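So the structure is just underneath, and the comments pick up after that.
Everything numeric here is computed off the predicted structure, so don't read it as measured data.
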Amino acid sequence: MPPGGIVTTMPTIRVQTEDFDVGAEMTALRAGNAKIGGIAAFVGLVRDVNDGAGVSTLTLEHYPAMTQKALVEIVDQARVRWEVIDATVIHRIGQLSPTDQIVLVLVASGHRGDSFQACEYIMDFLKTRAPFWKKESTVDGDHWVSAKKSDDTATSRWQTEQN
Amino acid sequence: MPPGGIVTTMPTIRVQTEDFDVGAEMTALRAGNAKIGGIAAFVGLVRDVNDGAGVSTLTLEHYPAMTQKALVEIVDQARVRWEVIDATVIHRIGQLSPTDQIVLVLVASGHRGDSFQACEYIMDFLKTRAPFWKKESTVDGDHWVSAKKSDDTATSRWQTEQN
Amino acid sequence: MLNVLYFASLREAFGKPSEHISSPLPTNVEALILLLRARGGVWSESLGADKRWRVAVNQEMASMETALNAGDEIAIFPPVTGG
Amino acid sequence: MLNVLYFASLREAFGKPSEHISSPLPTNVEALILLLRARGGVWSESLGADKRWRVAVNQEMASMETALNAGDEIAIFPPVTGG
């Protein structure tokens with residue numbers, strides 16, 4: 001039972017090649033639930049890190065049998081720590097271009113602090129625990145993106161801090 | 001000049017009686033800017049705190065001459081602390097009902113940590129510094145909502161912590 | 001002359017959204033508050049030291065020591081509850 | 001028999017997305033890694049102790065000590081980079 005004893009809903013978790021509509025996902029999440037005081041959201045976008053001369057496309061691969069399991073577990077862990085009424089996680093795969101949407105996390109809670117913390121926690125763990133890999137195609141050729149130390153740091157702070 | 005030396009954009013700040021469209025605001029914020037790696041968002045909603053028997057409407061009043069100034073200053077303060085490429089703050093006034101949207105904060109940054117922190121900072125200061133007041137109309141009559149100590153605590157932690 | 005505005009519960013308690021205060025012109029926020037409290041009734045009650053209220057001078061949050069000048073817009077209101 | 005999957009740069013380096021490994025059946029993740037490294041070339045290079053790679057057993061993150069049983073699905077991949 002999460003803090004506050006609020007009845008939890010099964011989160012919406014999807015991995016898809018199609019784009020997503022943030023407004024529609026948010027409307028679906030909050031539909032008619034007057035217990036929700038706020039929704040924290042994060043949308044990840046493909047950056048053009050090299051001023052237009054760089055990334056032309058990004059290809060996202062994943063491990064289908066594990067992805068859903070990993071994302072459900074991350075959301076469950078967030079619910080142990082914060083009051084989460086409902087949540088949505090959508091991650092795209094396949095070929096993407098700069099300014100395209102990659103990932104969406106929505107967390108609906110009674111109070112904003114819970115939604116902000118849970119949303120950032122889910123993003124941090126998604127970055128370091130969910131089995132997705134990015135390959136960049138640039139004018140200099142293709143290469144697999146390296147994991148960033150800053151993402152490991154972002155994840156490990158949840159294990160040490162007293163939120 | 002903010003960290004990273006990124007050229008800043010004038011934030012979008014609006015106070016309005018009409019509802020807002022989160023998807024459309026997000027699309028406008030990120031339009032064509034390939035430097036944006038992520039957008040953190042928060043949508044505040046009218047809660048029905050008393051299981052349906054309680055709040056029937058909420059009326060929001062503000063101090064027009066001060067509101068815009070206060071919100072601009074809050075966003076500026078966030079930009080001193082984090083890399084913010086662009087931001088949107090929309091606050092509704094007038095009469096609202098449970099499940100209605102009250103407030104929207106969007107922060108676009110190169111990296112997600114900046115957008116999350118700046119978005120939560122803006123919400124925390126909006127709650128304790130922007131001149132809005134809520135009046136609840138319930139079956140037991142009307143009353144002005146009291147300021148919450150938890151909001152003061154949320155604001156003051158930004159003044160002490162080393163983000 | 002000062003333009004003094006009241007908001008939310010204070011506007012309702014005082015029965016008016018604003019008024020002009022000119023003679024004597026209070027020199028700082030504290031002097032203005034003392035002048036208003038001296039009216040007694042809802043004024044002394046609502047602006048008591050035990051009550052929570054805030055003052056803005058020319059749309060910026062102010063303290064009891066903030067100086068006042070002719071033409072200033074002073075707003076007195078309860079702690080804000082937006083968002 | 002173990003079903004061993006490779007992803008991203010490891011899939012490309014090894015030139016295959018998966019393979020079956022049966023005899024001898026490695027008893028834990030470390031034994032499987034040693035068996036693969038013993039192939040030399042890209043195998044010993046990509047799975048070197050100085051390289052960053054991860055192992056999942058039955059879709060859960062595993063360590064070198066995680067025991068393996070016939071029928072398990074083992075995935076070997078570089079650190080994840082989604083989001």
Side-chain angles (χ1 to χ4, degrees), chain A residues 20-27 29-52 54-55 85 97-113 115-117 119-124 126-127 148 150-151 153-154 157 161, chain B residues 20-27 29-52 54-55 85 97-113 115-117 119-124 126-127 148 150-151 153-154 157 161:
Chain A
F20 49 81
D21 177 336
V22 179
E25 296 300 336
M26 201 172 280
T27 301
L29 185 70
R30 70 193 186 81
N33 189 337
K35 292 289 170 204
I36 299 175
I39 298 175
F42 181 79
V43 180
L45 303 165
V46 182
R47 294 177 74 197
D48 187 348
V49 286
N50 299 314
D51 267 324
V55 175
I85 295 176
S97 301
T99 77
D100 281 353
Q101 302 186 127
I102 307 176
V103 63
L104 172 68
V105 176
L106 302 178
V107 175
S109 298
H111 300 280
R112 75 183 182 288
S115 64
F116 270 116
Q117 298 294 296
C119 187
E120 191 166 11
Y121 176 98
I122 291 169
M123 269 308 302
D124 285 349
L126 184 154
K127 283 263 178 185
K148 284 188 288 181
S150 61
D151 286 329
T153 309
R157 89 195 140 96
E161 77 174 23
Chain B
F20 49 79
D21 177 335
V22 180
E25 297 299 334
M26 201 171 279
T27 301
L29 185 72
R30 69 192 187 82
N33 190 338
K35 292 289 170 205
I36 299 175
I39 298 176
F42 181 78
V43 180
L45 303 165
V46 182
R47 294 176 74 199
D48 187 347
V49 287
N50 299 315
D51 267 322
V55 173
I85 295 176
S97 300
T99 78
D100 281 353
Q101 302 185 125
I102 307 177
V103 63
L104 172 68
V105 176
L106 301 177
V107 175
S109 298
H111 300 282
R112 74 184 182 287
S115 63
F116 271 116
Q117 298 293 296
C119 187
E120 191 166 11
Y121 176 97
I122 291 169
M123 269 308 302
D124 284 349
L126 184 154
K127 283 265 182 185
K148 283 189 288 182
S150 60
D151 287 328
T153 308
R157 90 196 139 98
E161 77 174 21

Practice problem: Sort A/Asn33 into side chain, backbone, both or neither according to what part of it lies under 4.5 angstrom from a heavy atom of chain B. | Solution: backbone
Quiz item: Of all residues at least two apart in sequence or in a different chain, which pass the side chain to side chain contact (heavy atoms under 4.5 Å, CB included) check with A/Asp21?
Solution: A/Ala24
Practice problem: Heavy-atom distances under 4.5 Å only: say whether A/Met123 touches chain B with side chain, backbone, both or neither. | Solution: both
Quiz item: Which pair of non-hydrogen atoms, one from A/Arg47 and one from B/Ile36, has the smallest distance, and what is that distance?
Solution: CG-O, 3.6 Å
Exercise. Find the one option among A/Gly23, A/Gly32, A/Gly38, A/Ala34 whose heavy-atom pairs under 4.5 Å with chain B are most numerous.
Key: A/Ala34
Practice problem: Could you tell me which residues in residues 99-106 of chain A have at least one non-hydrogen atom under 4.5 Å from a non-hydrogen atom of chain B, sorted by residue number? | Solution: A/Thr99, A/Gln101
Quiz item: How would you list, by chain and number, every residue that makes a ring pair (Phe, Tyr, Trp, His ring centres under 6.0 Å) with B/Phe116, sequence neighbours excluded?
Solution: A/Phe42
Quiz prompt | Non-hydrogen atoms of B/Leu45 and A/Arg30 that approach each other most closely | solution = CD2-NH1, 3.6 Å
Practice problem: Before giving the answer on side chain to side chain contact (heavy atoms under 4.5 Å, CB included), spell out for B/His111 and A/Lys148 the whole-Å C-alpha distance, their side-chain angles and the decisive distance to 0.1 Å. | Solution: CA-CA 12 Å; B/His111 300 282; A/Lys148 284 188 288 181; 4.2 Å; yes
Quiz prompt | Closest non-hydrogen atom pair between A/Arg112 and B/Ala154, with its separation | solution = NH2-CB, 3.9 Å
Quiz item: Side chain, backbone, both or neither: which part of A/Ser115 has a heavy atom under 4.5 Å from chain B?
Solution: side chain
Quiz prompt | Where A/Lys35 and B/Asp48 come nearest, the two heavy atoms and their spacing | solution = NZ-O, 3.5 Å
